[in-house]
Amino acid sequence: MSVIYLLITVSIFVAIGFFIAFIVAVKSGQYDDDYTPSVRMLFDDETKITPQDNKSKIEEKQV
């Protein structure tokens with residue numbers, strides 16, 4: 001019977017430890033934004049206009 005009391009006590013301390021770790025993670029901002037990182041990889045490869053490309057487009061419009 002004393003083993004059960006020991007296991008309950010140890011499990012309560014472990015649960016408190018995990019709860020404290022969770023509170024620290026929430027306060028540090030680890031769970032602030034969970035949507036943007038999942039879609040960021042979809043928009044990384046957008047075409048970028050370089051100054052040379054922009055200059056050639058302006059010249060085409062003038063002709």
Side-chain angles (χ1 to χ4, degrees):
M1 195 69 173
S2 64
V3 173
I4 293 176
Y5 295 133
L6 176 68
L7 289 175
I8 290 173
T9 306
V10 170
S11 66
I12 288 174
F13 282 120
V14 169
I16 290 171
F18 279 114
F19 183 69
I20 291 171
F22 174 73
I23 295 297
V24 168
V26 168
K27 286 192 177 193
S28 70
Q30 185 169 356
Y31 300 110
D32 281 348
D33 187 12
D34 58 351
Y35 177 71
T36 304
S38 65
V39 296
R40 185 179 300 149
M41 67 179 180
L42 300 174
F43 300 110
D44 276 346
D45 294 335
E46 292 180 7
T47 57
K48 296 179 179 157
I49 297 176
T50 61
Q52 292 176 347
D53 293 338
N54 196 14
K55 184 178 178 183
S56 63
K57 288 182 183 180
I58 292 172
E59 290 173 355
E60 289 175 6
K61 289 181 182 180
Q62 290 178 354
V63 174

Side-chain donor-acceptor distances from residues 17-26 under 3.5 Å, at least two apart:
none

- Item | Which residues share a side-chain contact (heavy atoms from CB on, under 4.5 Å) with Thr36, sequence neighbours left out | Asp33, Arg40
- Linking I/L/V/M/F/W/Y whenever any side-chain heavy atoms sit under 4.5 Å apart, do Leu7 and Met1 land together? no
- Name all residues meeting the side-chain contact (heavy atoms from CB on, under 4.5 Å) criterion together with Val10; count only those two or more places apart in sequence or in a different chain, and write none if there are none. Leu6, Val14
